[in-house]
Every structure is written in structure tokens, then in C-alpha cells.
Student: 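Quick one: structure below, then a few questions.
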Amino acid sequence: MTNKLIPLSVPNLSLDILDNIKETIETGWVSTGGRFITEFEEKIAKYVGVKRAVSCQSGTAGLHLALKVLGIGHGDEVIVPTVTFVAAVNPVKYVGAEPVFMDCDDTLDMDMDKLEEFLQAQCTFKDGKTVNKETGKTVKAVIIVHVFGNPADMERLMNIKEKYNLKVIEDSTEALGSYYTKGRYAGKYCGTIGDIGVYSFNANKIITTGGGGMVVSGNQKLLDKVAFLSVQAKTDPLYFIHDEIGYNYRMTNIQAAFGTSQIDKLETFIETKIRNYNLYKEAVENIDGLTILPFAKNARSNHWFYSIIVDKEKYGMDRDELLKKLNSENIQTRPLWGLIHKQKPYLDNQSYKIEKALFYEKNLINVPCSTNLGEEEVGTVVSRLKNI
Ligand SMILES: *Cc1c(COP(=O)(O)O)cnc(C)c1O
């Protein structure tokens, strides 16, 4: 028996994009200029409720530029989560800074208690500078990842930021569409609260442009700088004068042609994500040994990825056996990312009391969650989870 593949997370594209693509071909605007780029930037800015957004080649490129324009470089440290896709951390190394790894809590987002404890106990604060006692380096920033679209505790983080004079970069690559419904940031979208926020439109994200990213900030000067660096830092476009080292990081009009169509569908996609999550939840609650992780109660999360925790004793099978079984039956599932503090390039970096992340690394499974996943397909996955 070969079942039809139920993929983990695939794009949800529609043919109306062809009209846009046709226009890029007919007009010749296929590179880093053209109307779709500005249109897409405006649409994203309007959607998340900011004045302006600046497009780029990828979320990774956006994070790199964010660190650059915030002045983070050699001798600096950036606090990052160990539970994340590696692209949230690599840009720290691109700018010559070093990451310090933080644990997650039961939301999978960074543990704010440990973050505060680290800053308090392991750092000194003098003349507006937070210095890591162990390394002697200045802690300049925190990269917070809204893991799987689940909004992090930004109230706590922004208080910590004030207290320790840190920059906050919101890696919202997984959280486009998530916003807070309660508290100080009610009505605010993930990505729009810290100094800079970054979105991604990679193929597995909630909307896609094939590849691409977007940077937002309340600070227009920072955004000017991001835009400037993304087009080779061209000071004079006629005489090609460059006063700084720039990058070829701007989005192309072809990518943006996808984006202007995809963003119009985002709310529908989120509805599907939430519907399917609730279907899984109802079913999983009745399966002994499986627990589905909740999303933040003080927010409307985009429900990007669903996480199920496997209790080997109660379920009768451990996470890896379950993964293997489902994948062999054409139900694509995967474990949590390998923790970043244990990856080869980061073995020499400091990590602070990482405990919970180890549990989730061992016991978590992500189940199919595409926005074109039908109710019957969710039913198929659920019945396999039940009858294993
Ligand atoms: C996808 C992702 C990125 C990188 O985005 P790209 O557009 O693929 O470069 C960064 N951080 C996290 C947490 C991601 O999931």
C-alpha cells in the first residue's frame, strides 16, 4: 500500500500569480526594480501596521542587515535562543559578534526568567553597558524568535531591554500575522515591537515568494540604512560612488510578484492553520501519551507549525519510532531542529542553563500543517496517531 504523501509544510500558490509574472516578463522588470517590490512593501507595512517595510532576498539577509544597522560587530555578544532554525543565529557570526545561547520555556520561545537571571547574575551593568563577566564582551542585543508563530513575551523582553540597554531584533520569520490581543501590545503585530523585525517568505513559511524577506522598524533612519546597504551602498547612482561596503540583498520584482498575490491570502491561510490545529487538538487530547502544545493566550497566533509531545511510557512508542513510522507511511513529520548550541560551529560559545530545550529536542514532533491541507488529510494523520 502506498499512501499519497501528506507533506509537512508546502506552499499554497494560485494561478493568479501568472498575471503578475507575465507583467514582469512583458515589461522586462525582473530584477531589483519594478512596481511589485514597492507594492509588496506597502502591503506588508499596511498589514502589520507600520509606516514602511524594506524588502530583501531572504529572512537571513534581513537579519544580517538588522545586526549591521544596529551597529553590532566584533567584540559584541548577542543573546539568541538555542531552539530555532540556524538562520536566526548565523548572522551574528557574519558580523563578527558571538552568540550566547538561552533556553526555551514551555512556549518554546526564549525563557525570560533565565534571560533576566543571566543578565543579573552573569553580567555587570556600568555606564549603560552590559558586560558578560565570563567573556568580558559587551552584550548588545537579543534576537527573539517567535517560534512556530507563537508570540514571545514581548512585555517582559522590552522591560529587560530598557533595564540593560539592549537592542531587540524580532525574528518574526515564522510569525507573520501573529499579533497580541491583550496587554501593553494589544493590537501590535509580532515584528513591530522591538528595534527591528524581520519576516521571511521562504517556501515553507506562511506566505511565500520562493525566497525573500522583509525588514520593519519604527526607526526610519535604520530602515533607510537597511535599504541602502541592500543595494550595494550606492551613494551616487550615476557615478557609482560607494562610501560603504554594501550587499546585493534586495528582493527581485519576480519574487515580489508572488508576494503581492500571497499577502492577500494570508488571513485565509491563518484561518486554515487555526482550523486544522483545532482538529488535531480535539483528537490528540483523546490519545494517551500525546500532548499538543498550545499557542499564546494573549495573542492571535498564526499557528504556523503544530507541535506534539510524545510520552514514551504512556504512548508505548518513543518520538523517533513515531517519526519513522509516520514518514514510512508517507506522512511527513519531523523533530524539533537540532539545538544550535550543540552544532559544530557553536560549540565554543557560551550557553546558559539549557534544560527544557533538551526535553523538547528529544520528544517533540511537528505534524503536517500546510495551508492547503484538507480536513480529511488531518483525519488521516490523526487516525495514524491513534492506531499506531
Ligand atoms: C526561515 C527562518 C529564517 C530564515 O529565513 P530565510 O528567508 O529562509 O532566510 C530565520 N529564522 C527562523 C526562525 C526561520 O524559521
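Ligands are counted one by one from 1 in listed order, and the atoms in each one are counted from 1 as well.
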Student: Out of Glu174, Met214, Gln57, who gets a non-hydrogen atom closest to atom 15 (O) of ligand 1?
Tutor: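 Considering heavy atoms of Glu174, Met214, Gln57, the nearest to atom 15 (O) of ligand 1 sits in Glu174.
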Student: Please confirm whether Phe85 comes within less than 3.5 Å of ligand 1 when only nitrogen or oxygen atoms on both sides are compared.
Tutor: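 No, there is no polar N/O contact under 3.5 Å.
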Student: Give me the residue, atom name and distance of the protein heavy atom closest to atom 2 (C) of ligand 1.
Tutor: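 Minimum-distance protein heavy atom for atom 2 (C) of ligand 1 reads Lys205 NZ, 2.9 Å.
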Student: Taking atom types as modelled and ignoring hydrogens, do the side chains of Asp264 and Tyr47 form a donor-acceptor contact shorter than 3.5 angstrom?
Tutor: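 Side chains of Asp264 and Tyr47: no pair found under 3.5 Å.
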Student: Could you list which atoms of ligand 1 come closer than 4.0 Å to a heavy atom of Thr84?
Tutor: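 Those atoms are 13 (C).
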Student: Would you say Val100 and Phe118 make side-chain contact, with heavy atoms under 4.5 Å?
Tutor: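 Of all side-chain heavy-atom pairs linking Phe118 with Val100, at least one is under 4.5 Å.
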Student: Measuring only between side-chain heavy atoms, which start at C-beta, is Tyr189 closer than 4.5 Å to Val50?
Tutor: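 No, too far: nothing below the 4.5 Å cut-off.
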Student: Mind checking whether Gly62 has a heavy atom under 4.0 Å from ligand 1?
Tutor: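 No heavy atom of Gly62 comes that close to ligand 1.
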Student: Using a 3.5 Å cut-off on N or O atoms only, is Asp171 in polar contact with ligand 1?
Tutor: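 By distance alone, the answer is yes.
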Student: Hey, is Thr60 touching ligand 1 through its side chain, its backbone, both or neither, going by heavy atoms under 4.0 Å?
Tutor: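 Under 4.0 Å from ligand 1, Thr60 contributes backbone and side-chain atoms.
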Student: Just which atoms of ligand 1 are under 4.0 Å from any heavy atom in Val145?
Tutor: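 So the atoms of ligand 1 that pass are 13 (C).
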Student: May I ask you to check whether Thr173 has an N/O atom sitting below 3.5 Å from an N/O atom of ligand 1?
Tutor: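 Checking ligand 1 against Thr173, an N or O pair does fall under 3.5 Å apart.
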Student: For residues Thr107 and Asn150, is any side-chain donor paired with an opposing acceptor at under 3.5 Å?
Tutor: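 Per modelled atom types, Thr107 and Asn150 side chains form no pair under 3.5 Å.
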Student: Asn20 and Thr260: side-chain donor and acceptor closer than 3.5 Å?
Tutor: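 Side chains of Asn20 and Thr260: pair found under 3.5 Å.
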Student: I want to know if ligand 1 touches Ser200 in the polar sense, i.e. an N/O pair below 3.5 angstrom.
Tutor: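 Right, the criterion is met.
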Student: Which residue in the set Tyr277, Trp337, Tyr306 passes ring pair (Phe, Tyr, Trp, His ring centres under 6.0 Å) when paired with Phe148?
Tutor: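 Result: among Tyr277, Trp337, Tyr306, Trp337 is the only option passing the ring pair (Phe, Tyr, Trp, His ring centres under 6.0 Å) with Phe148.
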Student: Counting from 1, what ligand 1 atoms have a heavy atom of Gly212 closer than 4.0 Å?
Tutor: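 Under 4.0 Å from Gly212, ligand 1 has these atoms: 7 (O).
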Student: By number and element, which atoms of ligand 1 are closer than 4.0 Å to a non-hydrogen atom of Gly59?
Tutor: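 The atoms of ligand 1 under 4.0 Å from a heavy atom of Gly59 are 5 (O), 6 (P), 7 (O), 9 (O).
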Student: Measure from the side-chain N and O atoms of Asp76 to the backbone N and O of Ala97, and report whether any donor-acceptor pair falls under 3.5 Å.
Tutor: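 It does not hold such a pair.
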Student: Going by atom types alone, do Thr173 and Asp171 pair a side-chain donor with an acceptor below 3.5 Å?
Tutor: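 Indeed, the side chains of Thr173 and Asp171 share at least one donor-acceptor pair under 3.5 Å.
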